[in-house]
Asker: 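Take a look at this one; I'll ask things after.
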Amino acid sequence: MKNNDMKEKLLQIMTEDEVKIDEPLSQYTYTKIGGNADYLLFPTTFEQLQQAYKIALLAEIPITILGNGSNVLIKDGGIRGAVFNLTKLANIRLEGDKVFAQSGAALIDTSRFALEQSLTGLEFACGIPGSIGGALYMNAGAYGGEIADVLESATVLTAEGEIISVQKEDLELGYRTSNIAKNNYVVIEAVFQLQAGSYDVIKAKMAELTYLRESKQPLEYPSCGSVFKRPPGYFAGKLIQDSNLQGTKIGGAQVSTKHAGFIVNVDNATANDYISLIKHVQKTVKENYDVNLETEVRIIGEDK
């Protein structure tokens, strides 16, 4: 998949630091897991992203979008083609009571930016360790709030490499889902419509939610966050806990003893360890409660 012609074309619009070949993706994921990318690209402007995307399209190689790697599990064989890491597209700005956040900006940083402007609406996001692009991709949410509550519109790159604006209604945002993957959109910026509020009240709410997160979640180990979606009428973590699966290990992956909805990397886990443990949890919960646990984490890449 790799060739010098492709690299030369990319280096006409990007620097050596922005084009990495055979790069281990474990350095860019919260699980600290993942094989190599053929090309790992770090665009710094929308125009550069668009140009590099079109180069990859013309070369007819696969394209994968990676945010900050918080809710993704990359397989041990890595990813073929071009992987776009959007973390350098991280600008956040204010226009009236609207916050404009580029896709690589951290959701946590965006919520803190809103706090500094005394704008309410993003408090729920103060502990979600994802990027803006990933947050829209899965309609991220926590503590009774979700992206759909505050999103007004988004700027996206289409499958053909064109930059367009889409309204929230056009993204079909549901519980941990959207049509972004189906449409092969690349989110490059989001617009959040917020409301004027009290700085002290917003700060207190964020402090409360941060405490809840830190006291309940296993933040001391690498993980991909909450592994499973909430099944209708149940809590995934409770089903896993009641199935006596907490502490269960396969290789270096373990069902967290602190929060059963998390699988943590306690000892140099591989993606295969993780996936095997996910399947074991799904099988056990199905046998015990006849409930199908769907994964919330995005699993991508190739087997080794």
Side-chain angles (χ1 to χ4, degrees), residues 26 29-34 67-76 107-108 123-130 134-135 137-147 174-177 206-301:
S26 57
T29 63
Y30 272 52
T31 57
K32 304 303 179 188
I33 289 172
N68 67 354
S70 63
N71 195 240
V72 66
L73 181 62
I74 297 173
K75 292 183 179 181
D76 301 313
L107 193 52
I108 291 172
E123 291 90 332
F124 74 90
C126 68
I128 300 176
Y137 182 94
M138 63 175 292
N139 187 24
Y143 301 112
E146 61 181 13
I147 289 296
Y175 176 66
R176 304 298 175 264
T177 186
M206 289 172 66
E208 175 193 352
L209 297 182
T210 299
Y211 170 76
L212 288 172
R213 175 174 179 267
E214 291 178 349
S215 63
K216 293 181 179 180
Q217 296 183 11
L219 305 179
E220 64 272 23
Y221 291 110
S223 81
C224 54
S226 183
V227 176
F228 303 101
K229 296 179 181 179
R230 179 185 295 179
Y234 298 90
F235 290 96
K238 183 75 163 56
L239 291 170
I240 297 165
Q241 183 178 330
D242 291 348
S243 295
N244 297 314
L245 288 167
Q246 280 186 281
T248 300
K249 282 179 68 177
I250 293 181
Q254 181 185 53
V255 178
S256 170
T257 57
K258 190 173 183 181
H259 189 310
F262 285 66
I263 293 176
V264 291
N265 181 356
V266 294
D267 186 19
N268 299 309
T270 64
N272 197 48
D273 293 341
Y274 247 80
I275 292 167
S276 296
L277 189 51
I278 287 171
K279 289 178 179 177
H280 176 66
V281 169
Q282 289 172 319
K283 179 174 179 287
T284 305
V285 169
K286 176 67 175 176
E287 288 172 352
N288 288 346
Y289 299 101
D290 196 30
V291 175
N292 294 310
L293 289 182
E294 292 183 37
T295 51
E296 182 173 307
V297 63
R298 181 177 164 225
I299 301 173
I300 58 176

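Nothing here was measured: the structure is a model prediction, and the numbers come from that model.
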Asker: Please examine the side chains of C224 and I263, heavy atoms only from C-beta on, and report whether any two atoms are closer than 4.5 Å.
Answerer: no
Asker: To the nearest 0.5 Å, what is the distance between CD1 (I108) and CZ (R213)?
Answerer: 5.5 Å
Asker: Testing the basics here: between T210 and C126, what is the closest heavy-atom pair and its distance to 0.1 Å?
Answerer: OG1-SG, 3.8 Å
Asker: Compare every heavy atom of Q246 with every heavy atom of S256, then report the nearest pair and how far apart it is.
Answerer: O-NE2, 3.2 Å
Asker: Might you point out which heavy atoms bring A236 and F228 nearest each other, and give the distance in Å?
Answerer: CB-CB, 4.0 Å
Asker: Is the side chain of N272 donor-acceptor paired with the backbone N or O of D76 at a distance under 3.5 Å, no angle test?
Answerer: no
Asker: I'd like to check E287 versus K283 (side-chain heavy atoms, cut-off strictly below 4.5 Å). Are they in contact?
Answerer: yes
Asker: List for me each residue that meets side-chain contact (heavy atoms from CB on, under 4.5 Å) alongside S226, sequence neighbours excluded, and say none if there are none.
Answerer: E296
Asker: Would a 4.5 Å heavy-atom cut-off, applied to side chains only, mark H280 and L245 as touching?
Answerer: yes
Asker: What pair of heavy atoms forms the shortest contact from V291 to P231, and how long is it?
Answerer: CG1-CB, 3.7 Å
Asker: Does a donor on one side chain sit under 3.5 Å from an acceptor on the other, for D273 and T270?
Answerer: yes
Asker: Where do I299 and I278 land on the side-chain contact (heavy atoms from CB on, under 4.5 Å) test, with the steps shown first?
Answerer: CA-CA 11 Å; I299 301 173; I278 287 171; 4.3 Å; yes
Asker: What do you reckon, is OH of Y175 surrounded by more than 12 foreign heavy atoms closer than 6.0 Å?
Answerer: yes
Asker: Kindly indicate, with the supporting measurements, whether the criterion side-chain contact (heavy atoms from CB on, under 4.5 Å) is fulfilled by L293 and I240.
Answerer: CA-CA 10 Å; L293 289 182; I240 297 165; 4.0 Å; yes
Asker: Could you grab the distance from atom NZ of K32 to atom OG of S223, nearest 0.5 Å is fine?
Answerer: 11.0 Å
Asker: Heavy-atom distance under 4.5 Å between the side chains of T248 and V281, does that happen here?
Answerer: no
Asker: Return the set of residues passing side-chain contact (heavy atoms from CB on, under 4.5 Å) with K216 (not counting sequence neighbours), or none when no residue passes.
Answerer: L212
Asker: Got a second to check how far N265's CG is from I33's CD1, nearest 0.5 Å?
Answerer: 4.5 Å
Asker: Nearest heavy-atom pair of P129 and N68: which atoms, and what distance?
Answerer: O-ND2, 3.1 Å
Asker: Run the side-chain contact (heavy atoms from CB on, under 4.5 Å) test on K258 and Y221 for me, step by step, so that the C-alpha distance in whole Å, both residues' side-chain angles and the decisive distance to 0.1 Å come before the verdict.
Answerer: CA-CA 11 Å; K258 190 173 183 181; Y221 291 110; over 6 Å; no
Asker: Measuring from N71:CG to T31:OG1, what's the distance to the nearest 0.5 Å?
Answerer: 10.5 Å
Asker: Would you find more than 12 non-hydrogen atoms of other residues, nucleotides or ligands less than 6.0 Å from R176 atom CZ?
Answerer: yes
Asker: Side-chain contact test, heavy atoms from C-beta onward, threshold under 4.5 Å: evaluate it for S243 versus Q241 and give yes or no.
Answerer: no
Asker: State the NZ-CD1 distance between K75 and I300, to the nearest 0.5 angstrom.
Answerer: 10.0 Å
Asker: Restricting to non-hydrogen atoms, name the atom on N139 and the atom on G174 that form the minimum distance, rounded to 0.1 Å.
Answerer: ND2-O, 2.7 Å
Asker: If you apply the rule side-chain contact (heavy atoms from CB on, under 4.5 Å), what do you find for K286 with N292, and how did you get there?
Answerer: CA-CA 6 Å; K286 176 67 175 176; N292 294 310; 3.3 Å; yes
Asker: State the CZ-CG distance between F262 and L219, to the nearest 0.5 angstrom.
Answerer: 7.0 Å
